[in-house]
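Down below is the structure, laid out as structure tokens.
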Amino acid sequence: MAKLKVGVLISGRGSNLQALIDAASADDYPAEIVTVISNVPGAVGLERAAKAGIPTNVVDHRDFQNRETFEDALNDVLSAAAVELLCLAGFMRLVTDGFAGRWRDRLVNVHPSLLPAFKGLDTHKRALQAGVRIAGCTVHFVRAEVDVGPIIAQAAVAVLPGDDEESLGRRVLEQEHRLYPLAVELIARGQVRIEGGRAHVLGAWSDDNTALINPLLVTEK
Ligand code: GRF
């Protein structure tokens with residue numbers, strides 16, 4: 001069966017991009033990354049893509065007068081690569097209603113909190129300030145509102161005594177790297193349906209995947 005063509009938008013180090021690249025390197029993975037676009041020239045993620053032989057593009061938002069023309073340029077690259085699913089992976093630009101509408105149900109993001117808690121930036125700092133006992137990450141479909149949209153998968157991480165932003169962030173990031181490739185795989189296999197504003201995951205998956213779909217309490221240091 002043809003693999004789902006995935007585009008990835010990044011702005012920085014691209015560790016989630018790397019997780020997707022690694023997953024997609026398996027013959028039986030149902031998706032392939034066909035283009036990586038960064039809005040930041042010199043982003044480390046671009047090197048990761050190039051090393052994996054994936055075509056890269058820089059579309060620098062500073063070269064455009066407004067969000068719409070910036071997004072038109074993104075869409076040109078994405079159309080040329082025939083992208084079917086677009087993954088935001090540390091892409092630090094807000095998208096317009098128009099872009100979210102054009103890519104509706106074909107645009108996903110990974111966010112370092114258990115949404116709908118802690119939308120926006122500095123999630124780990126705010127989670128620690130709030131004294132939550134469980135943190136985590138979410139892969140969701142993107143809507144125009146920031147960090148809102150049908151949730152595909154979440155993984156939970158225990159907050160440990162003595163955690164700081166860095167230590168908690170590191171453990172959450174490890175889970176992002178497991179969760180994002182899984183969510184993309186489920187979409188590519190046609191196992192994710194959106195109904196009534198919620199994403200439903202269909203069909204059978206392995207025991208391990210079940211643990212990832214359901215909140216997974218990770219207690220190791
Ligand atoms: C991740 O924490 C992701 O959840 C957030 O931005 C960060 C990107 O990190 N949206 P990386 O560039 O994938 O390493």
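Atoms within each ligand, like the ligands themselves, are counted from 1 in listed order.
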Distance only, no hydrogens: is a donor on one side chain within 3.5 Å (strictly under) of an acceptor on the other, for Q175 and R178? yes

Can a side-chain donor-acceptor contact be found between T69 and N66 if the only test is distance below 3.5 angstrom? yes

Suppose the criterion is side-chain hydrogen bond (donor to acceptor under 3.5 Å, both in side chains): which pairs have a residue in residues 39-59, not counting sequence neighbours? S11-N39, Q18-R48, N39-H61

The protein residues that pass the under-4.0 Å heavy-atom test against ligand 1 are R13, G14, S15, N16, G90, V110, H111, P112, E176

To which residues is V146 joined in a hydrophobic cluster, defined by side-chain heavy-atom contacts under 4.5 Å among Ile, Leu, Val, Met, Phe, Trp and Tyr, whether direct or through other members? L94

When Ile, Leu, Val, Met, Phe, Trp and Tyr are grouped by side-chain heavy atoms lying under 4.5 Å apart, directly or through other members, which residues fall in the same group as V95? L9, V34, I37, V59, F64, F70, L74, V77, L78, V83, L86, L88, F91, F99, W103, L107, V142

Heavy-atom closest pair, residues V172 and G136: CG1-O, 3.4 Å

